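Following: one structure in structure tokens, then a few remarks.
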Amino acid sequence: MQLHNTLTGQKEAFSPLDPSRVTMYVCGPTVYSFAHIGNFRPPVVFDTLARVLRRRFGRVDYARNITDIDDKINAAAAREGVDIRVITDRYAAAYHEDLKALGVEPTTHEPRVTEHLPQIIAMIERLIASNHAYAAEGHVLFHTLSYGDYGRLSKRDEQSLMAGARIEVAPYKKHAGDFVLWKPSADDQPGWDSPWGRGRPGWHIECSAMSEAVLGNTIDIHGGGHDLIFPHHENEIAQSTCAHGGAVYARFWLHNGFVNVNHEKMSKSLGNVLLVHELLKTMPGEVIRLVLLTGHYRQPLDWTDDVAADARRKLDRLYGALRDLAGIEAAAGVSAPQAFIDALEDDLNTPMALAELFELVRAANKAESDADKARFKAQLLDAASLLGLLQQEPEAWFSQATSESDLSAERIEQLIAERNAARKSRNFADADRIRKELADAGVLIEDGADGTRWRRGG
RNA sequence: GGCGUCGUAACCGAGUGGCUCAGGUGGCAGUCUGCAAAACUGCAUACGCGGGUUCGAAUCCCGCCGACGCCUCCA
């Protein structure tokens, strides 16, 4: 298995440090609002990777955190006049709903910052004791000059790094690059008691502490969005490595590219932020998942209406093949083709894997013997399951309504019955009129040897 | 300015120093169908520009043009 490691900028052969399990940590969301399409690329990508790793190595201990302490959360809570818990519970629940709709399996661990304050404080104390951090004016700061490899992940050196810095340097910092581990809270802000007074953790320490708590000092894979390379992951490395006496923090760093919308970065000012919560009102979650897997995870992905429509048609083809195999029992003991596995094991090349999947679809559609069909069905289902696709019955896929104004299944069946009566009496004008009526309502019909079937079109 | 990524047919999107170089959508044609649809078969369109290396480059090197990301909120 090959994975691209940001640390080296190359694909490297991957195997877990502990042969009995793979450990993987992925930075999760800060739950202060609904998550957008870009927020879901890491969960979908690393969910897929977890499936591949599980098949290859057996056990995968996978942690994806929920950040429930953050100043944006505080701001949202203050705005509504509620406890931060109200905000974080609401949006964590929404996040989980969206994940489920996208076919993302639960992770082994889902640590929350509020549940790891003791571990965070303990890690900060260790950093202070080893002279990698210092307290100043109620803050605790990590001293980046104390860590020789600082900048290695993001390939920046500390000198030039700060030369072009565009931020004001807080007066209590020993060095401009030092970052906050702990900061004081005002009386009206959420805070927790600590040796440095009542306060709250800085942005980066949570992941270090929680990763240590649930997975151990050295993990195999750490993932997240490309934008997190600096400063977030750079800082995590510094903290964890120094807190662990120099032990390697994460062996492989994987970063997914951004999702743009109509060639532009999503931003509130452009008003083009696509919330999955909203998208799900107009399309099945599986469509969104497929879009996110259509490009290679390290490349930028451009979300447009076209790519979503494309994905829906692809799923129609995939499910169409399965529907034609409805009466066939999938062969036992048959798994995904090797070429498909090879694609995924080559740095999670999902576009190539999808190409293999479509080759399989063509083969299945052409198969004549029941034995061949049974074999292809088994291969198709197994391969798709690695991508987290085709997890529902084809009939369910084709009949799912995407808006409440859609015709009911009963009404559709009724119209089809009327049409077939017309066809039987060779009254094709009426038959075609009814077909047109259905088509206008987004329902496409197919006359086959064993009756007429229907599906909702995009 | 520093670091990094990318430019493949109408669109999406892999890949590779050389086999008439994926796959999907869309287009055209054929088979099938009352007609369609689905499915199958066939066809067409490509590697940003200019140099270089090489027997051979879209693939490696250099330059240019263009797009984009990060540089202490950010998936």
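In what follows, chains carry the letters A, B, and so on, assigned in the order in which the sequence lines appear, proteins first and then strands, with residues in each chain numbered from 1. Only a predicted model underlies this, so the values are computations on that prediction, with no experimental measurement involved.
Not a single donor-acceptor pair, N or O on each side, falls under 3.5 Å between the base of B:G15 and the side chain of A:N349. Contact annotation: side chain of A:R41 to base of B:A75, donor-acceptor pair absent below 3.5 Å. Below the 3.5 angstrom threshold, one finds a donor paired with an acceptor across the side chain of A:D447 and the base of B:C35. Donor-acceptor pairing under 3.5 Å, judged by distance alone, is present between the side chain of A:D310 and the base of B:G24.
In the set B:G69, B:C40, B:A14, the nucleotide with an atom closest to the side chain of A:H226 is B:G69. Side-chain proximity of A:T294 to B:A14, B:U72, B:C12: nearest is B:C12. The side chain of A:R313 lies closest to B:U25 when the candidates are B:G23, B:U25, B:G24. The side chain of A:R435 approaches B:A36 more closely than any other nucleotide in the set B:A14, B:A36, B:G13. Set against B:U5, B:C40, B:G13, the side chain of A:Q299 has B:U5 as its closest nucleotide. Distances from the side chain of A:R426 to the nucleotides B:A14, B:C70, B:G34 place B:G34 closest. Considering only side-chain atoms of A:P42, the nucleotide from B:A75, B:U72, B:A39 that sits closest is B:A75. Set against B:A75, B:C71, B:G34, the side chain of A:R156 has B:C71 as its closest nucleotide.
Between A:R317 and the phosphate of B:C40, there is a side-chain N or O to OP1/OP2 separation shorter than 4.0 Å. At B:A75, one or more side-chain N or O atoms of A:N39 fall inside 4.0 Å of OP1 or OP2 (strictly under the cut-off). At B:U41, one or more side-chain N or O atoms of A:K366 fall inside 4.0 Å of OP1 or OP2 (strictly under the cut-off). Not one side-chain nitrogen or oxygen of A:K155 sits closer than 4.0 Å to the OP1 or OP2 atom of B:G2. Checking the phosphate oxygens (OP1, OP2) of B:U41, a side-chain nitrogen or oxygen of A:R362 falls inside 4.0 Å.
Residue-level contact check: A:E356 touches neither bases nor backbone, having no heavy atom under 4.0 Å from any strand. If you check every strand for non-hydrogen atoms under 4.0 Å, A:G38 touches a base.
By the 6.0 Å and 45° rule, A:K265 does not stack over the aromatic ring of A:F258. Because its NZ or CZ atom is not both nearer than 6.0 Å to the ring centre of A:Y297 and within 45° of the ring axis, A:R41 does not count as a cation-pi partner of that residue.
Checked for salt-bridge contact, A:E80 and A:R90 meet the test: a charged N lies under 4.0 Å from a carboxylate O. Salt-bridge check for A:D71 with A:K183: passed, with a basic side-chain N closer than 4.0 Å to an acidic carboxylate O.
As the counterpart of B:G34, no nucleotide is assigned, since no Watson-Crick or G-U wobble pattern has both distances under 3.5 Å. Using Watson-Crick or G-U wobble geometry with both donor-acceptor distances under 3.5 Å, B:G42 finds its partner in B:C28. Under the Watson-Crick and G-U wobble criteria, each requiring two contacts below 3.5 Å, nucleotide B:C3 is paired to B:G69. With a cut-off of 3.5 Å on both Watson-Crick or G-U wobble distances, the partner of B:A9 is given as none.
Where A:R323 and A:D227 meet RNA chain B, the nucleotide closest to each residue was compared, and A:R323 sits on the side nearer the 5' end. When the nearest nucleotides of RNA chain B are assigned to A:T304 and A:K265 by heavy-atom distance, the more 5′-ward of the two goes with A:T304.
An aromatic stack links A:F258 and the base of B:A75, using centre distance under 5.5 Å and interplanar angle under 30°. Stacking between A:F358 and B:G23 is absent: the aromatic ring centre is not both under 5.5 angstrom from the base six-membered ring centre and within 30 degrees in plane angle.
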side-chain contact (heavy atoms from CB on, under 4.5 Å) evaluation trace for A:R56 with A:E345
CA-CA 9 Å; A:R56 175 78 191 229; A:E345 292 196 347; 2.6 Å; yes
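Applying a 4.0 Å cut-off to non-hydrogen atoms, the residues of residues 413-423 of chain A that approach RNA chain B are A:R419, A:R423, listed by residue number.
Ring pair A:Y172/A:H139: centre-to-centre distance below 6.0 Å.
Annotation: A:E393, atom CD; neighbour count of heavy atoms from other residues, nucleotides and ligands within 6.0 Å does not exceed 12.
In this view, A:D346 and A:K11 satisfy the side chain to side chain donor-acceptor pair (under 3.5 Å) rule, not counting sequence neighbours.
Listed by first and then second residue, the ring pair (Phe, Tyr, Trp, His ring centres under 6.0 Å) pairs involving residues 299-323 of chain A are A:Y319-A:W397 (not counting sequence neighbours).
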